[in-house]
Amino acid sequence: MVNLSLILRLTSYSLMLISLMLAGVKDYKVRLVNDTYWIPAIISIPIAIYLSVSSPISELTYIVNAAFGAAMAGLIYMGKFMGDADSIAILLISLGTPAMVPSSPVLILLNLPIISVLINSIIPTIMLMLINIYSNIKNQSRCADPSITRIMLLRCVSVESVLRNPLAYSSPDSSYLRAGSNAEAYVAGLPRDSWIWMQYNYPYVFILAISYLVYLMAGNLIINLLLIHRVITPIIHMGENLAL
């Protein structure tokens, strides 16, 4: 017998993942996302709403998730803490993803789609930071004054690379909180083959895409692993001790 609810749920997740992956790859390459990439995610919204009104707990979970995601997206957009595509991605994830409903009310809150994705984003962010540090260590002799702070926070990059993809960089003294790029103005007049320290603008839509995939595979991976370590494992050990 065909399970319509399961088919719709998988369809919703797939549409959202398609949008995020298309937008994420483009974001990684040039930091510009075509609005047409969001069409599959937009289609997933009515499906998510339909699935969420099937029960009171699903409906409440969807409302909380959508409200939190919309508030986050609005704050990011108004404060210019990230790019416009980042806030759009967060909004669409919160509106177009039906929650996986665990048995425990606590797990429901911790595994809300948008909260899970945002916490999961720590994983690809750290991976990209490590890649950046490795690149800096490899190229540090090309840039002046390779301090530990610069190796950790900036990127040693050629002017040629900056001019090829200016939105991926900002000047070293740019704000870490506000999104933006003044890279072209900063490197104007410098030899194209010279190397300088620049602030690297991480591709957050790409990060969200990877984080969403992690959510589909493992929910709120970091929190769930912590719960297993802090709660489930001690209970198992307690049962083993009682058995002895």
Side-chain angles (χ1 to χ4, degrees), residues 3-25 27 33 37-77 81-127 202-228:
N3 188 330
L4 179 60
S5 177
L6 177 60
I7 292 174
L8 289 175
R9 185 174 292 273
L10 293 175
T11 300
S12 177
Y13 293 149
S14 298
L15 289 170
M16 184 63 65
L17 185 61
I18 288 170
S19 275
L20 289 171
M21 285 298 177
L22 289 174
V25 170
D27 182 48
V33 175
Y37 293 158
W38 301 122
I39 292 175
I42 293 171
I43 296 173
S44 74
I45 294 175
I47 301 175
I49 294 174
Y50 173 79
L51 291 169
S52 299
V53 298
S54 60
S55 70
I57 187 64
S58 295
E59 186 173 353
L60 179 60
T61 301
Y62 179 83
I63 291 172
V64 172
N65 185 69
F68 182 82
M72 283 291 297
L75 178 65
I76 290 169
Y77 179 78
F81 299 118
M82 297 179 187
D84 292 349
D86 304 328
S87 57
I88 291 173
I90 290 173
L91 178 62
L92 290 175
I93 290 170
S94 63
L95 295 178
T97 306
M100 303 173 189
V101 182
S103 56
S104 166
V106 175
L107 290 178
I108 290 174
L109 289 175
L110 294 177
N111 285 273
L112 287 175
I114 191 59
I115 292 177
S116 299
V117 170
L118 291 175
I119 294 178
N120 285 342
S121 69
I122 295 172
I123 299 170
T125 299
I126 290 176
M127 292 176 63
Y202 285 91
Y204 201 67
V205 176
F206 175 77
I207 290 171
L208 288 173
I210 301 301
S211 306
Y212 190 80
L213 182 59
V214 173
Y215 166 73
L216 295 182
M217 297 172 64
N220 193 335
L221 179 59
I222 295 174
I223 295 298
N224 290 338
L225 288 175
L226 288 175
L227 285 174
I228 290 173

Taking the side chain from [X] and the backbone from [Y], do they hold a donor-acceptor pair closer than 3.5 Å?
X     : Y      : result
Asp86 : Pro203 : no
Ser12 : Arg9   : no
Ser19 : Tyr37  : yes

Once rounded to the nearest 0.5 Å, what's the spacing between atom [atom1] of [X] and atom [atom2] of [Y]?
X      : Y      : atom1 : atom2 : answer
Tyr50  : Ser5   : OH    : OG    : 8.0 Å
Leu118 : Tyr212 : CG    : OH    : 13.0 Å
Leu213 : Leu208 : CG    : CG    : 12.5 Å
Ile47  : Leu15  : CD1   : CG    : 5.5 Å
Met72  : Ile93  : CE    : CD1   : 11.0 Å
Glu59  : Ile49  : CD    : CD1   : 10.5 Å

Query raised in the report: Taking atom OH of Tyr202 as the centre, does the number of heavy atoms from other residues, nucleotides or ligands within less than 6.0 Å exceed 12?
Result: yes
[X] and [Y]: which non-hydrogen atoms are nearest, and at how many Å?
X      : Y      : result
Ala209 : Leu17  : O-CD1, 4.3 Å
Pro98  : Tyr13  : O-OH, 2.7 Å
Leu221 : Asn120 : N-OD1, 3.1 Å
Leu92  : Ala41  : CD1-CB, 3.9 Å
Ala48  : Leu95  : CB-O, 3.7 Å
Ile223 : Ile119 : CG1-CD1, 3.9 Å

Report task. Give a yes-or-no answer on whether the side chains of Thr97 and Tyr215 include a donor-acceptor pair shorter than 3.5 Å. Result -> no
Query raised in the report: What's the verdict on side-chain contact (heavy atoms from CB on, under 4.5 Å) for Trp38 and Val33, showing C-alpha distance, side-chain angles and the deciding distance?
Result: CA-CA 9 Å; Trp38 301 122; Val33 175; 3.9 Å; yes
Report task. Answer yes or no: is there a side-chain heavy-atom contact under 4.5 Å between Phe68 and Leu112? Result ->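 When only atoms from C-beta onward are counted, Leu112 and Phe68 do not touch, as no gap falls below 4.5 Å.
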Query raised in the report: Under a 4.5 Å cut-off applied to non-hydrogen side-chain atoms, are Tyr204 and Ile76 in contact?
Result: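 Tyr204 vs Ile76: side chains apart.
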